[in-house]
Amino acid sequence: MSNFTYRDGIAVLQLVAFIPCLMFATVLCFKQGIRAVSACWRFLLILGLLRVIAAICQLLLMTHNDRSIVVTKLTCDLLGIAPLTLAAVGLLRRVNETAMTLSKHVFLFVDLVSLAGLGVGIGGAVQAVDNDSIPSLLKIALALFVATLGLMFCILGWLTASVNILPRNERITLYSIYLCSPFLIVRMVYACIGDFGHDSRFSIFNGDPTIFLCMSVLMEIILMIICLYVGYTYPPTALRTPAPKSRYSSDA
C-alpha cells in the first residue's frame, strides 16, 4: 500500500464535494421533469458521476496499480470539460425558448461538436496511457471542446442582445452564464496548456497537484454549485400538450 499523497487528498475533496452535488443533481432532474433532463440538467449528473469515479480510481491506485484503473481515471479527468460546457449551453437553450432568436439547429450543432469531442477523447485517453504522452486524438478532442466553448460564447452574446425582452428568470439564467464564464475559461486554459504546452506542471500524468486543484478541481466545484443554484431557483419546465379536440368537431 502506497502513502497517502497530495493527489489522494484532492480525491477525497472531490468525493466530499461531488457526492452531495450528485445527489442534488439527481433530485433536480426529478424536480425539473423528464423534458428538462434531456435538455440540460443531465449534464450535471454526468459531471458528478465522472468526478466521483475519477476520485475513487485515484484512491484505488493506492493499493491496486492496475492499467484499467489508470485508463478509467484519466478518461474521467479528461472528459469533464464537455458536461460543464454543455450544461451552460443547455441553460442558454432554455433562454432561447423564450427569446426565440436562434434556430434549434444551432444548439444541435453545438451538441454534435461536443459529442464528437467526447468520442475522440475516450480513444485518446487509452492511447495516452499506452504511450505515456499526449496523442493527437486528445489534442483533436480538446480542440473540439474549445470550439464548443467558443460557440457557447457566441450564443451568449447573441442572446444578450435580447435581454430587455426576457422575463426575470431568463435574465438571471443569462447572467449566471456570465458568472460561470471566468471559471470555464480557467478550466479550459488548464486543459490547453496540458495538451498543447510543454510545461510539466500542467501534465495530465504527474503535473503540479496545487495547479490541478486551483485551476481544475475548484473551478468545477464552483461551476457545479452555480448551475445547481440556477436549477433550484428556475421554475420547472412546462410540458407542452396539444389542445384537446372538440367533441363536436367533425372529421373532414
Consider only side-chain heavy atoms of I, L, V, M, F, W and Y, link residues closer than 4.5 Å, and tell whether Leu59 and Ile53 are in one cluster.
-> no
For the side chain of Asn96 and the backbone of Leu102, is there at least one donor-acceptor N/O pair under 3.5 Å apart?
-> yes
Would you call Asp111 and Arg93 a salt bridge, using N to O less than 4.0 angstrom?
-> yes
Gln127 and Pro135 have their tightest heavy-atom pair at OE1-CB, 3.3 Å
Does Asp8 use its side chain to pair, donor to acceptor, with the backbone of Thr5 at less than 3.5 Å?
-> yes
Test side chain to side chain contact (heavy atoms under 4.5 Å, CB included) applied to Val106 and Trp158, step by step | CA-CA 12 Å; Val106 173; Trp158 184 273; over 6 Å; no
Find out whether Met188 and Val146 are in side-chain contact, i.e. whether some heavy atom of one side chain is under 4.5 Å from a heavy atom of the other.
-> yes
Indicate the atoms forming the closest heavy-atom contact of Arg171 with Val163, along with that distance.
-> CD-O, 3.5 Å
What distance separates Lys139 NZ from Leu144 CG, expressed to the nearest 0.5 Å?
-> 14.5 Å
Return a table of donor-acceptor pairs under 3.5 angstrom between the side chains of residues 172-180 and protein atoms on other chains or two or more places apart.
unit_1: Thr173; atom_1: OG1; unit_2: Asn169; atom_2: O; d: 3.0
unit_1: Ser176; atom_1: OG; unit_2: Thr173; atom_2: O; d: 2.5
unit_1: Tyr178; atom_1: OH; unit_2: Thr160; atom_2: OG1; d: 2.6

In this structure, CZ of Arg187 is separated from CE of Met215 (nearest 0.5 Å) by 9.0 Å
Nearest non-hydrogen partners of Gln58 and Ala11, listed with the distance | CG-CB, 3.7 Å
Same apolar cluster (I L V M F W Y, side chains within < 4.5 Å links), Leu108/Ile155 | no
Do Phe202 and Asp199 pass the side chain to side chain contact (heavy atoms under 4.5 Å, CB included) test, and can you show the C-alpha distance, the side-chain angles, and the key distance before you say yes or no?
-> CA-CA 6 Å; Phe202 293 84; Asp199 192 333; 3.7 Å; yes
Arg94/Glu170 ion pair, N-O < 4.0 Å | no
Kindly compute the distance separating CG (Leu22) from CG (Leu45), expressed to the nearest 0.5 Å.
-> 6.0 Å
Using the test ring-ring contact (aromatic ring centres under 6.0 Å, His included), find all partners of Phe24 that sit at least two apart in sequence or belong to another chain.
-> none
Nearest-0.5 Å distance that lies between atom CZ in Arg51 and atom CD1 in Ile56 = 13.0 Å
Test side chain to side chain contact (heavy atoms under 4.5 Å, CB included) applied to Phe196 and Ile134, step by step = CA-CA 9 Å; Phe196 297 108; Ile134 303 297; over 6 Å; no
Closest contact, heavy atoms only, Val230 versus Trp41 = C-CH2, 4.3 Å
Could you check Leu44 against Cys21 for side chain to side chain contact (heavy atoms under 4.5 Å, CB included), going step by step and ending with a plain yes or no?
-> CA-CA 8 Å; Leu44 301 181; Cys21 286; over 6 Å; no
same_hphob_cluster(Leu50, Met23) at 4.5 Å side-chain heavy-atom cutoff | yes
With a 4.5 Å heavy-atom cut-off, do Glu220 and Phe18 have their side chains touching?
-> yes
Closest approach of Phe145 to Ser114 (non-hydrogen atoms, all atoms of both residues) = CE2-O, 3.7 Å
Is it true that atom OH of Tyr229 has more than 12 heavy atoms of other residues, nucleotides or ligands lying nearer than 6.0 Å?
-> no
Separation between OG of Ser103 and CZ of Phe109, rounded to the nearest 0.5 Å | 12.5 Å
Is it the case that one hydrophobic cluster holds both Val95 and Ile165, taking links as side-chain heavy atoms less than 4.5 Å apart, direct or via other members?
-> no
Are any of the side-chain heavy atoms of Phe153 and Leu156 separated by less than 4.5 Å?
-> yes
Connected via hydrophobic side-chain network under 4.5 Å: Leu149 and Leu112 = no
Could you pull out every donor-acceptor pair under 3.5 Å between side chains of residues 69-91 and any protein atom, sequence neighbours left out?
unit_1: Thr72; atom_1: OG1; unit_2: Ser68; atom_2: O; d: 2.8
unit_1: Lys73; atom_1: NZ; unit_2: Asp77; atom_2: OD2; d: 2.6
unit_1: Thr75; atom_1: OG1; unit_2: Val71; atom_2: O; d: 2.7
unit_1: Thr85; atom_1: OG1; unit_2: Ile81; atom_2: O; d: 3.0

Do other residues, nucleotides or ligands put more than 12 heavy atoms under 6.0 Å from Tyr232 OH?
-> yes
For Leu137 and Gly124, the nearest pair of non-hydrogen atoms, with its separation, is CB-CA, 3.7 Å
Would a 4.5 Å heavy-atom cut-off, applied to side chains only, mark Leu61 and Asp66 as touching?
-> no
Could you grab the distance from atom CD1 of Ile221 to atom CG of Leu47, nearest 0.5 Å is fine?
-> 10.0 Å
